[in-house]
Structures are given as C-alpha cells and as structure tokens.
Protein chains: 2
Amino acid sequence: MLTQGGCPKTTLSIKDALEALEGRWKLLILFALSSGKKRFKQISKDVNGITDKILSKELKNLEANQLIKREVHDTFPPTVEYSITEHGMSLEKVMDELHFWGLKHRDKIMRE
Amino acid sequence: MLTQGGCPKTTLSIKDALEALEGRWKLLILFALSSGKKRFKQISKDVNGITDKILSKELKNLEANQLIKREVHDTFPPTVEYSITEHGMSLEKVMDELHFWGLKHRDKIMRE
C-alpha cells in the first residue's frame with residue numbers, strides 16, 4: 001500500500017484514523033483495557049506516565065469515538081468502570097503492527 | 001496481541017512506536033514520500049492542511065529518527081529533496097492497517 005503512495009483516498013482514511021487516535025496515549029489506554037474492564041485508578045497505573053487530567057480528557061474522547069464504554073454502577077459510593085468496545089477491539093491489527101515496528105525501531109536506534 | 005493486553009513489554013514497544021510517530025502528520029508525510037523523492041513545496045501540497053512551520057519541524061524530526069533522508073543538490077540555486085529510507089518503508093504494514101481501520105471508522109461514525 002505504502003509503495004503506491006500518494007493516492008488521495010488512502011491519505012484520507014489514514015488521516016481519519018490518525019485523528020481518532022491522535023497523541024501518544026489513546027492506543028496505550030485501549031491496550032490497557034484490552035485485558036478487561038478497569039477503573040480509572042487502575043488505567044492510570046497501567047499507562048505509565050499519564051496524568052489524571054490527561055487520562056480523564058482522553059477517556060472522554062475515546063468514549064465519543066465509540067472506542068470505549070463507561071459504566072456507572074449503583075454502589076455506595078458509585079463506582080465507574082471502563083471497557084473496550086468491539087470497535088475499539090478492531091484496532092488489534094494496528095496495535096500488532098505498531099508493536100512489531102516499535103521493536104525494530106528501538107533495535108535500530110540503539111545500534112546506531 | 002491486543003487480547004493479551006497489559007503485557008508491559010508490548011506496552012513499551014507500542015510506546016516507542018507512538019513516540020517516533022507522534023502527532024497526525026508524520027505518517028502522512030511518509031506516505032507522501034512513499035511514491036518518490038519530493039521537494040518541500042510538493043510535500044506541503046500533498047499533505048493537505050499542514051503549515052510550512054510544522055512541516056519543517058516534522059521533517060527534521062523524521063530525519064533524526066532515520067525515517068527520511070535530506071539531500072542537497074549543488075544546483076543554482078541549491079535544491080533540497082527528501083526521500084523515505086528503508087526504515088521508513090518498514091512502516092508499510094502499520095500504514096496498511098491504519099488505512100483499513102480508518103475506512104471502517106469513517107463508515108461507523110457516518111452510520112450512527
């Protein structure tokens with residue numbers, strides 16, 4: 001695909017994807033949720049380096065893009081859990097390829 | 001991979017990849033260069049919406065990460081061309097998967 005570069009329609013869909021996933025945090029949050037429902041504090045622990053303010057903003061954005069679901073449970077006090085949606089899970093292959101490329105990239109930068 | 005979520009090593013390599021590719025522009029610039037060498041003005045035209053200031057910053061960062069190469073030709077006046085490196089081309093599968101997911105995402109958001 002990349003070797004056929006420059007096709008405007010392909011550029012558009014890549015741009016759509018990058019806009020929905022913008023920044024360094026969204027895919028890491030989705031990855032943390034891919035192992036099951038989690039509460040805010042647990043996500044914050046799993047996604048190393050994120051601040052509570054940014055995590056809160058990113059969770060709202062992911063929910064608006066239908067990539068995660070927010071559930072409020074009627075407990076005392078109320079508890080909130082986040083889970084990944086089917087649409088969020090459809091990013092699996094993107095994550096896989098980023099993972100493989102990230103390994104190669106680290107290796108290359110370390111060697112030189 | 002995603003379904004085995006939470007593995008710290010996988011998180012690390014995804015984080016490496018996301019840091020090298022941070023923002024919405026870098027992959028679009030690489031995609032524009034995947035069809036051949038280009039001069040600054042041509043890249044600026046192909047990557048719709050980018051400002052010259054940001055393009056200039058992103059090109060420097062991509063060069064530092066060995067994803068593109070900058071060549072100065074001894075002409076009058078001197079001309080500069082940018083090309084994608086082999087390492088940059090190794091992002092092909094990431095681009096493919098982002099393209100496919102971007103199509104699905106647009107379809108989903110439009111329908112609902």
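In what follows, chains are A, B, ... by sequence order, proteins preceding strands, each numbered from 1.
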What part of A:K108 lies closer than 4.5 angstrom to a heavy atom of chain B: side chain, backbone, both or neither? side chain
Which answer fits A:L67, side chain, backbone, both or neither, if we ask what part of it has an atom under 4.5 Å from a heavy atom of chain B? side chain
Assess whether side chain to side chain contact (heavy atoms under 4.5 Å, CB included) is satisfied between B:N48 and A:K15, documenting all intermediate values. CA-CA 10 Å; B:N48 206 6; A:K15 204 170 176 178; 4.3 Å; yes
Side chain, backbone, both or neither: which part of A:L98 has an atom under 4.5 Å from a heavy atom of chain B? both
Between CG on residue B:L18 and CG on residue A:L21, distance to nearest 0.5 Å: 9.0 Å
Counting only heavy atoms not in B:E71, do more than 12 sit closer than 6.0 Å to its CD atom? yes
Path from B:I109 to A:L62 over hydrophobic side-chain contacts below 4.5 Å: no
Contact part of B:L33 toward chain A, heavy-atom cut-off under 4.5 Å: side chain, backbone, both or neither? neither
Indicate yes or no: at least one non-hydrogen side-chain atom of A:K93 is less than 4.5 angstrom from one of B:K93. no
Hey, any chance A:L59 and A:V72 share a hydrophobic cluster, counting ILVMFWY side chains that come within less than 4.5 Å of each other, even indirectly? yes
Once rounded to the nearest 0.5 Å, what's the spacing between atom CH2 of B:W101 and atom OG of A:S13? 11.0 Å
On a heavy-atom basis, the closest approach of A:G102 and B:A17 is CA-CB, 3.9 Å
Options B:R106, B:E19, B:H87, ranked by heavy-atom pairs under 4.5 Å with chain A, top entry: B:H87
Interatomic distance, CZ@B:R24 vs CD1@A:I14, rounded to 0.5 Å, equals 14.5 Å
Please answer: with hydrophobic residues joined when any side-chain heavy atoms are less than 4.5 Å apart, are A:L103 and B:V94 in the same cluster? no
